[in-house]
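Below is one structure, written out as structure tokens; the observations come after it.
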Amino acid sequence: MGLGYIGLPTASLLATRGSDVVGVDVRPEIVETINRGNIHIHEPDLDVLVKSAVISGKLKAALKPEAADVFIIAVPTPFKENHLPDLSFVEQATQSIAPYLKPGNLVILESTSPVGTTEKIADWLRPLRKDLEFPRRSEAGIETPSSSAARIYLAHCPERVLPGRILKELIDNDRIVGGVDHESSEVAGNFYRKFVSGHVYQTNARTAELAKLSENSFRDVNIAFANELSMICEELKIDVWELIDLANCHPRVSILDPGPGVGGHCIAVDPWFIVSSAPKLARLIAGARHVNEEKPEHVISRVKDLAKRFRTPNICCLGLSFKADVDDFRESPALRIVERLAAEKVGRLTVVEPHLKELPPSLAKFSDVSLKPLAQGISESDILLVLVNHREFLHVERAALTDKIIIDTRGMWRERRRNR
Ligand code: SAJ
């Protein structure tokens with residue numbers, strides 16, 4: 001259920017490993033694209049995998065589910081106003097599988113979700129399928145194993161793959177499988193062991209939900225630390241990249257990279273799910289979110305300050321995606337920064353983004369924003385704003401940069417940087 005960055009790679013992997021897979025998506029254009037053997041997202045090697053899965057007849061896409069042994073829900077879990085989780089896609093996917101469930105089926109939630117969501121799936125299904133038995137979490141922690149022939153197994157198995165390395169990580173990464181009850185953990189664990197070479201750890205659904213949220217919050221907090229340091233360094237006239245390289249020489253220090261902010265659909269979203277569950281306690285997690293959300297504003301102010309030196313500055317913005325070497329623009333701080341600079345008419349803006357053939361509508365509407373090739377964008381610029389460290393930008397001739405004001409939010413052209 002859901003043929004996005006997680007659903008499509010998972011569906012095609014399972015299909016090429018011999019399962020008959022029906023990939024369900026609510027958007028007809030996605031279903032048609034996949035049934036033609038093509039893909040609608042950019043991910044290394046996914047095109048080849050999907051093509052071979054479709055040609056072999058093992059993968060087909062459809063608008064509606066059908067009867068199956070296993071149902072995997074991999075739909076988005078965004079947040080609404082006030083950073084409260086929006087579970088409407090999970091609820092819709094759950095309702096749409098309800099008519100097709102049979103005794104013994106396994107239902108897996110892979111979408112990153114607030115604590116308690118997997119149990120909610122059982123609550124949503126119960127009134128729709130009174131003939132079936134759905135697992136319940138026992139408050140006392142003691143479960144009575146169900147002997148009913150009408151039972152459904154239900155577990156959370158959070159996805160953990162990194163965009164850009166999805167196909168490798170789908171197989172290699174360890175997985176956490178949390179059943180609503182113990183039997184569900186066993187059945188779901190055995191399902192993943194069929195195609196995962198990493199270790200499959202079993203726990204309960206609530207722990208699995210919080211484990212996933214904690215992983216992304218850990219990263220968010222640590223990136224916030226790096227971003228906070230970068231702003232402190234700017235004020236104290238210290239080179240943050242040199243500082244971090246030096247601090248990281250310590251055997252027990254590993255500071256992450258500052259950037260223009262944190263984007264993507266995971267790290268910029270998931271910590272709020274912990275905050276919404278425990279608002280009074282999640283102070284560090286909320287604080288980190290605030291630091292990372294303020295970082296794009298900080299970059300915008302810096303560009304505006306430097307732009308004042310020119311009558312009409314030519315500003316070349318390198319990269320729009322949320323991170324290097326992906327074509328994903330969700331929650332991208334780079335995109336947000338360029339949109340604001342355009343709206344505030346800070347100068348003539350040139351965008352260089354190797355993953356785009358045309359500007360997104362939010363930028364195309366401005367007459368003084370254009371998309372250009374790298375060399376032209378750089379040569380015409382007064383100010384060079386590095387927002388994404390795409391590999392295409394790494395080997396720019398240093399001579400082409402000499403007369404430019406460079407705001408390098410990624411430290412991409414620093415000589416001393418170590419590869420992380
Ligand atoms: N970023 C920095 N500095 C860093 C590292 C990242 O500013 O040192 C920024 C990136 O530029 C980007 C954002 O953080 O804007 C997130 O990028 P990322 O590469 O850290 O993570 P995602 O969002 O692509 O994927 C994360 C991964 N989670 C962890 O590494 C704990 C991935 O394993 C998860 O599966 C994914 O979230 C998800 O779907 O939840």
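If you're wondering where the values come from, they're calculated on a predicted model, not measured in any experiment. Residue indices begin at 1 and follow the sequence shown. Note that these values count all heavy atoms, side chains included, but never hydrogens, waters or copies made by symmetry.
The pair Arg348-Asp368 fails the salt-bridge criterion, with no side-chain N (NZ, NE, NH1 or NH2) lying under 4.0 Å from an Asp/Glu carboxylate O. Ion pairing of Arg289 with Asp220 is present here, as a side-chain N (NZ or NE/NH1/NH2) and a carboxylate O approach within less than 4.0 Å. At a threshold of 4.0 Å, the pair Lys120-Glu91 does not count as salt-bridged, since none of the basic side-chain nitrogens sits closer than that to a carboxylate oxygen. Between Glu43 and Arg165, no side-chain nitrogen of the basic residue sits less than 4.0 Å from a carboxylate oxygen of the acidic one, so the salt-bridge criterion is not met. A salt bridge links Arg175 with Glu110: at least one charged nitrogen is closer than 4.0 Å to a carboxylate oxygen. Taking a cutoff of 4.0 Å between a charged side-chain nitrogen and a carboxylate oxygen, Glu331 and Arg336 do not qualify as a salt bridge.
Defined by atom type and a distance below 3.5 Å, a donor-acceptor pair is present between the side-chain atoms of Lys295 and Ser230. Counted by atom type alone, Asn222 and Arg219 present zero donor-acceptor pairs between their side chains at under 3.5 Å. Between the side chains of Glu234 and His298, a donor-acceptor pair is found at a separation under 3.5 Å.
Contact annotation: the side chain of Thr16 approaches that of Ser52 to within less than 4.5 Å [non-hydrogen atoms, C-beta and beyond]. Proximity of Pro28 to Leu63: side-chain heavy atoms (C-beta onward) are separated by under 4.5 Å at one or more points. Thr94 places a side-chain heavy atom less than 4.5 Å from the side chain of Leu125. For the pair Lys357/Leu371, no side-chain contact is recorded, criterion being any heavy-atom separation below 4.5 Å from C-beta on. Taking 4.5 Å as the limit, every side-chain heavy atom of Lys64 sits out of range of all side-chain heavy atoms of Ser96. Side-chain contact between Tyr153 and Asn105 is absent, with no heavy atoms from C-beta onward closer than 4.5 Å. Using a 4.5 Å heavy-atom threshold, the side chains of Trp124 and Glu119 count as separate. Using a 4.5 Å heavy-atom threshold, the side chains of Ile121 and Ile73 count as touching.
Within a 6.0 Å radius of CZ in Phe366, other residues, nucleotides and ligands contribute more than 12 heavy atoms. Under a cut-off of 6.0 angstrom, the local environment of NE2 in His395 is sparse, with at most 12 non-hydrogen atoms contributed by other residues, nucleotides or ligands. Applying the 6.0 Å contact sphere to OH of Tyr100 captures more than 12 heavy atoms from other residues, nucleotides or ligands. Heavy atoms from other residues, nucleotides or ligands lying under 6.0 Å from CD of Glu235 number 12 at most.
Tested against Ser321, the residues His390, His355, Arg330 include a single side chain to side chain donor-acceptor pair (under 3.5 Å) partner, His390. The one candidate from Asp245, Asp257, Asp239 that meets the salt bridge (charged side-chain N to carboxylate O under 4.0 Å, His left out) condition with Arg414 is Asp239. Under the side-chain contact (heavy atoms from CB on, under 4.5 Å) test applied with Thr112, the options Glu159, Glu215, His265 reduce to a single match, Glu159.
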Starting from the C-alpha separation in whole Å, work towards a yes-or-no answer on salt bridge (Lys or Arg N to Asp or Glu O under 4.0 Å) for Glu169 and Arg160. CA-CA 8 Å; Glu169 293 203 357; Arg160 290 172 129 181; over 6 Å; no
Stepwise, does the side-chain contact (heavy atoms from CB on, under 4.5 Å) test hold for Tyr192 with Ile108? CA-CA 11 Å; Tyr192 281 97; Ile108 297 167; 3.2 Å; yes
For side-chain contact (heavy atoms from CB on, under 4.5 Å), just list the numbers for Leu170 and Thr10, CA-CA rounded to whole Å, side-chain angles, deciding distance to a tenth of an Å, and then say yes or no. CA-CA 7 Å; Leu170 261 184; Thr10 306; 3.9 Å; yes
What's the verdict on salt bridge (Lys or Arg N to Asp or Glu O under 4.0 Å) for Glu66 and Lys60, showing C-alpha distance, side-chain angles and the deciding distance? CA-CA 11 Å; Glu66 54 186 67; Lys60 68 173 183 190; 3.2 Å; yes
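Applying the ring pair (Phe, Tyr, Trp, His ring centres under 6.0 Å) rule to His290 yields the partners Trp272; only residues at least two apart in sequence or on another chain are considered. Every residue meeting the side chain to side chain donor-acceptor pair (under 3.5 Å) condition with Glu209, not counting sequence neighbours, appears here in chain and number order: Thr118. Here Phe191 pairs with Phe195 under the ring pair (Phe, Tyr, Trp, His ring centres under 6.0 Å) rule; sequence neighbours left out.
Distance alone, capped at 3.5 Å, places no donor-acceptor pair between the Asp25 side chain and the Gly2 backbone.
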